[in-house]
Number of protein chains: 2
Amino acid sequence: MFTKQELIEFCQTARSSYLDHISIDCVIFGFHSGQLKVLSLKIKNEESWYLPGGFVRKNEPIDMAANRILKERTGLDEIFLQQFHVFGDPERSRPHHDLYKDMLPPEENWFSNRFLTIGYYALVDFVHVNSTPDQHSESCTWYDLSDLPDLKLDHARILKTALDTLRLQLNYQPIGYNLMPKEFTMPELQKLYETILDKKLDRRNFQRRMLGFGILNRSDQPRKGGAHKAPYLYSFDLKNYQNALKEGLKSGW
Amino acid sequence: MFTKQELIEFCQTARSSYLDHISIDCVIFGFHSGQLKVLSLKIKNEESWYLPGGFVRKNEPIDMAANRILKERTGLDEIFLQQFHVFGDPERSRPHHDLYKDMLPPEENWFSNRFLTIGYYALVDFVHVNSTPDQHSESCTWYDLSDLPDLKLDHARILKTALDTLRLQLNYQPIGYNLMPKEFTMPELQKLYETILDKKLDRRNFQRRMLGFGILNRSDQPRKGGAHKAPYLYSFDLKNYQNALKEGLKSGW
DNA sequence: CAGCATGGTGTATTTTGAACACAATAGTAT
DNA sequence: ATACTATTGTGTTCAAAATACACCATGCTG
């Protein structure tokens, strides 16, 4: 939460730099040790968590704004990032109104604006993320989807909508290139699908289907070192993958 | 196009009533005599066409704003209406900036704002629409999808995105309840699907599949009067239809 | 080197989708 | 009337795909 002095400064900057009434919130999905994870910010001196978000500069395309926000929080660029919904209930930012309404008169108070927020979701490679809190936050960290803190405002709903969209997307687009490391085994990829869908899939049928999409290349070398039989390593065939993104896959899970 | 006096008045009203920077544009689909149609407005004294649109009131949920706009243009309420994308390129409304920039100084000129527009698409019953132009338009009429006028701004792109979304939606949601009259024959429904998808479907397989969804009720009475064999009349089973909307259908076309 | 957990490959069965044939009906032409 | 024709309803066949399950291979463990 802001002190009064911080609030005054923030509002001045915001008013001169950003578009009124619009914000962006990002649901950033990562995948690690068999768990789907979401990046979430904890506000300084508060037990409050939010999705990473920000505002749109006066002359900035919204996709670029979302990319900028993503880059600020993760250090990553040029990754899968997709708009999925606008949340436009006038009451949705009321908690912020109320929190700051006594500190500044409405004309000067950026937070007495009503905000629509544009939801974006991103798929990122967990290990490459260099997570960085913003100026109001004391931490920016991954949470298991199954073990989330209580998100404030309507951010829980935003997250749920993003997850629903992601599950739907699985039916007609390949995913994984953005969530997996360069090389991975088939069981690892399967685990990703199972985690997103929250259900078990048959090992053998998964493999057949996945290979049927023609977006994977098998490496000559299997993965050594682990116990048990050494699995093959795969990587995505980027050209075919991009094509599948455009053309869409047949049928769903 | 506005005269200067009209512009001044409009800007005053707009500034006091509407949220800055946000607009809504609606792609309103109808179906008649075997053609998919879109409602489009022609501006007074100009060869310019636009999608029906409007602004969001300062304290109005965005879905309600879209509904209001739809009702103003069609007289219809409580129909299928769905947000599908936000268009947020800063240059997208430049033609409007340029058009009005010499008439009023930027501080007073609503149109020197940058606008994001939220795209909604609606499916409506053609014959129940009472189409009504807005104050800047001389007509509000249906155009065949295959025979559209040149839409201004980025409205052609908005329409295309809406159509893509509609086609995708066909894969996992029932449509038709909103586009068809209460009672209809199977060939009529098939024609709707064929028109949206822009391809021929097999008559018999279409019927089996459609019935398999369990969202249709067959009437006792066939349709009389036409030449040839009298087809059965169907209507949607609203309860199952709603359920299918929520649960989704299996696989696609 | 047997045990076992894991990964790769194959096969039978069921379900689904695509293509097609034929019968029923209601107007039309003669 | 009666044959003709365009259209609709229903069934059947064949191929493809999804599902379920069996078996072999591998590499560590004790």
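Computed over heavy atoms, backbone and side chain alike; hydrogens, waters and symmetry mates excluded. We name chains A, B, ... by the order of the sequence lines, and we start the count at 1 in each one.
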Query raised in the report: With respect to the side chain of A/Arg208, which nucleotide from C/dC20, C/dT9, D/dA20 is positioned closest?
Result: D/dA20
Report task. Rounded to the nearest angstrom, tell me the gap between atom OH in A/Tyr232 and atom C1' in C/dT6. Result -> 14 Å
**Report entry** Whole-Å distance separating the CZ atom of A/Phe206 from the P atom of C/dG7
**Finding:** 13 Å
Query raised in the report: Does B/Arg204 make a side-chain N or O approach to OP1 or OP2 of D/dT7 shorter than 4.0 Å?
Result: no
Query raised in the report: For the base of D/dG9, is there a side-chain donor-acceptor partner from B/Arg203 under 3.5 Å away?
Result: yes
Query raised in the report: What's the NZ-C1' distance between A/Lys229 and C/dG3, to the nearest Å?
Result: 17 Å
Report task. Give me the ring orientation class for A/Tyr172 and B/Tyr172: parallel if the planes are under 30° apart, tilted from 30 to 60°, perpendicular past 60°. Result -> parallel
Report task. Starting from P on D/dT8, measure out to OH on B/Tyr234 and report it in whole angstrom. Result -> 12 Å
Query raised in the report: Do B/Gln83 side-chain atoms and B/Ile118 backbone N/O form a donor-acceptor pair below 3.5 Å?
Result: no
Report summary line: Rounded to whole Å, the CG-P distance (A/Leu216 to C/dG8) equals 12 Å
Query raised in the report: In terms of side-chain geometry, is the basic nitrogen of B/Asp237 or B/Lys239 positioned less than 4.0 Å from the acidic oxygen of its partner?
Result: no
Query raised in the report: Sub-3.5 Å donor-acceptor pair from the side chain of A/Arg92 to the main-chain atoms of A/Leu153, do we have one?
Result: no
Query raised in the report: Separation of B/Phe213 atom CZ from C/dG17 atom P, in whole Å?
Result: 8 Å
Query raised in the report: When the distance from CG of A/Asp202 to C1' of C/dT9 is rounded to whole Å, what number comes out?
Result: 13 Å
Query raised in the report: Closer than 4.0 Å, any side-chain N/O of B/Gln207 to the OP1 or OP2 of D/dT10?
Result: yes
Query - Most 5' of A/Ala230 and A/Asn205 on DNA chain C, judged by nearest nucleotide - result: A/Ala230
Query raised in the report: What distance do A/Leu189 atom CG and A/Glu194 atom CD have between them, rounded to the nearest 0.5 Å?
Result: 10.0 Å
Report task. Just compare D/dT12, C/dG8, D/dA18 and give me whichever is closest to any side-chain atom of A/Arg209. Result -> D/dA18
Query raised in the report: Can you check the B/Leu233 CG to D/dG9 C1' distance for me, whole Å?
Result: 14 Å
